[in-house]
2 protein chains.
Amino acid sequence: MTDKPRHSWVTIRDSIREMILNSTYGPGDKLPRDEEFAARFGCARSTVHRAMRDLAQSGLVERRRKGGTMVQRDPVTRATLNIPITRLEVEQKGCVYRYQLIRQSVQRSSPAIMANFGLHEARPMLRVEALHLADSRPYIFEDRWICLETVPEINTVDLTRESANEWLVRNRPYSRCDLRLFARPGTKNDSEILQSEIGDALFVMERTTWIGDAPITSLRAVAHPGYQLFTQG
Amino acid sequence: MTDKPRHSWVTIRDSIREMILNSTYGPGDKLPRDEEFAARFGCARSTVHRAMRDLAQSGLVERRRKGGTMVQRDPVTRATLNIPITRLEVEQKGCVYRYQLIRQSVQRSSPAIMANFGLHEARPMLRVEALHLADSRPYIFEDRWICLETVPEINTVDLTRESANEWLVRNRPYSRCDLRLFARPGTKNDSEILQSEIGDALFVMERTTWIGDAPITSLRAVAHPGYQLFTQG
DNA sequence: GACATTAATATGTAGCTACATATTAATGTA
DNA sequence: TACATTAATATGTAGCTACATATTAATGTC
């Protein structure tokens with residue numbers, strides 16, 4: 001009744017992780033070579049390799065050619081945030097989603113936006129300010145800049161009906177995304193749009209995306225007081 | 001002078017991604033089978049498989065046995081946060097790190113902490129309140145609960161000298177981590193510890209970790225006003 | 001001894017076969 | 001028709017060989 005391991009590489013990954021966790025190999029220690037582990041576990045090197053790749057990705061070990069595999073000396077907490085389309089986030093909470101375009105205009109990129117993109121000269125961009133609502137209550141206010149050179153089609157989109165958030169995420173996947181999270185006291189402008197109080201603690205997400213080296217969009221999303229961002233694990 | 005592709009699977013991944021980005025295959029579309037792609041690219045199925053795994057992991061496509069591969073209908077922004085040991089974070093900014101234990105005591109887990117862990121009954125825990133400083137200015141205040149059943153050794157650690165953050169991360173890797181981020185107005189208590197003003201917008205990170213099913217630690221880290229959390233891409 | 005060259009080595013990748021697994025589609029039976 | 005059984009199918013995994021690549025260690029030359 002030997003129940004054969006279904007995912008051998010998972011089993012091996014867990015075994016090696018276990019050894020690291022119980023200090024058989026401590027932070028900074030060098031692990032045996034893949035071949036050595038393969039012999040020990042009675043499996044192929046490729047299977048150990050697979051396990052090791054997973055451990056390396058999760059940040060527990062560090063691998064270098066010829067250098068071998070080392071238990072990460074300064075482990076980091078590596079968490080994956082899933083940021084869905086705002087409409088889906090709202091609907092997933094069982095709320096009715098509504099979207100409201102506040103303003104849109106073509107502008108040359110501001111210094112702050114240029115900094116986000118790492119640009120040295122201004123470019124024409126579409127600036128879109130919009131509000132996402134959940135059950136008719138303000139949920140997230142976004143101030144977004146879209147690069148017209150990279151995404152000229154955005155001009156053909158009716159942003160009073162469809163949010164730039166949704167259109168972009170569906171039509172313009174990105175290859176790179178920078179994210180910045182912080183808290184900020186609400187301004188008068190915030191309070192009017194979000195129906196919050198001046199000075200309220202607001203959660204802010206700034207997101208900038210590129211396709212290749214070409215800038216797509218950079219936005220600041222200010223959430224209503226009480227908003228929380230989770231990891232899903 | 002045909003420069004042979006170094007990482008064939010990377011090349012193939014990028015080609016397929018490119019096809020998705022330029023709408024050869026749109027959201028919700030079914031992609032050809034791996035074998036089909038392999039024939040098209042003139043490579044082995046395993047190479048396509050590797051490329052596909054990467055695309056699936058990044059959230060661009062979804063794969064199911066027999067069902068095939070589908071372009072993700074509702075793409076999510078998937079960002080990886082690297083949260084280092086606080087000391088390293090401070091030192092990386094070129095600041096002098098200092099750590100200050102404020103209080104420590106053995107307590108039965110509070111309802112909030114039990115909720116974080118998903119526990120139904122209280123357990124003995126070590127509660128540690130401590131302050132991390134950067135250049136002698138308050139940086140992050142952490143209110144941490146450590147499960148004594150899972151981590152009894154914590155009693156042998158001199159927490160006036162070494163932070164629980166550092167000791168745990170070095171000695172007790174976790175297998176699961178929940179993270180919650182939000183903004184909160186500073187209380188009187190916050191203002192005293194962080195030298196901030198009452199009502200300041202504070203960035204809060206709540207982190208709970210387990211090893212297997214066993215709770216390790218749950219903490220609320222309140223950062224000084226102006227703190228920002230980045231992704232590193 | 002300093003520096004360039006070469007060998008040794010551990011991980012990384014490509015390609016192949018064979019089989020496992022999950023899930024849909026087809027089929028048979030009451 | 002309803003439901004259980006079986007076949008078909010696309011992805012997932014295991015194991016192997018061969019070679020690529022990066023980096024350290026050894027060696028040779030001035």
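Each chain gets a letter, A, B and so on, in the order its sequence line appears, and its residues count up from 1. What you see is a predicted model, and the numbers here were worked out from it, not measured in a lab.
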Checklist entry - When you match Arg64(B) and Arg64(A) each to their closest nucleotide on DNA chain C, which lands nearer the 5' end? => result Arg64(A)

Between [N] atom [atom2] and [X] atom [atom1], what is the distance in whole Å?
{"X": "Arg65(B)", "N": "dT13(D)", "atom1": "CZ", "atom2": "P", "value": "6 Å"}
{"X": "Glu62(A)", "N": "dG12(C)", "atom1": "CD", "atom2": "P", "value": "11 Å"}
{"X": "Glu35(A)", "N": "dG12(C)", "atom1": "CD", "atom2": "P", "value": "13 Å"}
{"X": "Leu31(A)", "N": "dT11(C)", "atom1": "CG", "atom2": "C1'", "value": "13 Å"}
{"X": "Lys66(B)", "N": "dT9(D)", "atom1": "NZ", "atom2": "C1'", "value": "4 Å"}
{"X": "Met70(B)", "N": "dT24(C)", "atom1": "CE", "atom2": "C1'", "value": "16 Å"}
{"X": "Asp34(B)", "N": "dT13(D)", "atom1": "CG", "atom2": "P", "value": "12 Å"}
{"X": "Phe37(A)", "N": "dT11(C)", "atom1": "CZ", "atom2": "P", "value": "10 Å"}

Next on the checklist: If you define the side chain from C-beta out and look only at heavy atoms, does anything of Thr47(A) sit under 4.5 Å from Arg45(A)?
Outcome noted: no

Item to check | 4.5 Å side-chain heavy-atom contact, Phe203(A) and Phe182(A) | outcome: no

Is there a donor-acceptor pair under 3.5 Å between the side chain of [X] and the backbone N or O of [Y]?
{"X": "Asn22(B)", "Y": "Thr24(B)", "result": "yes"}
{"X": "Asp158(A)", "Y": "Thr160(A)", "result": "yes"}
{"X": "Thr231(B)", "Y": "Leu179(A)", "result": "yes"}

Checklist outcome for this item: Checking dT13(C), dA14(D), dT11(D) against the side chain of Trp9(B) (C-beta onward), the nearest is dT13(C)

Would [X] and [Y] count as having a side-chain donor-acceptor pair, cut-off 3.5 Å?
{"X": "Arg63(A)", "Y": "Thr69(A)", "result": "yes"}
{"X": "Tyr97(A)", "Y": "Glu89(A)", "result": "no"}
{"X": "Asn165(B)", "Y": "Thr86(B)", "result": "yes"}

Checklist entry - For DNA chain D, which residues in residues 41-59 of chain B have a heavy atom at a distance below 4.0 Å? => result Arg45(B), His49(B)

Checklist entry - Which part of the nucleic acid does Gly68(B) contact within heavy-atom distance under 4.0 Å: base, sugar-phosphate only, or nothing? => result sugar-phosphate

Checklist entry - With a 4.0 Å cut-off, would you call Arg220(B) and Glu142(B) a salt bridge? => result no

Next on the checklist: Using a 3.5 Å limit for the pairing distances, which stems of at least 3 consecutive Watson-Crick or G-U wobble pairs does DNA chain D take part in?
Outcome noted: C:1-30 with D:1-30

Checklist entry - Reckon Ser8(B) has a side-chain N or O less than 4.0 Å from the OP1 or OP2 of dT13(C)? => result no

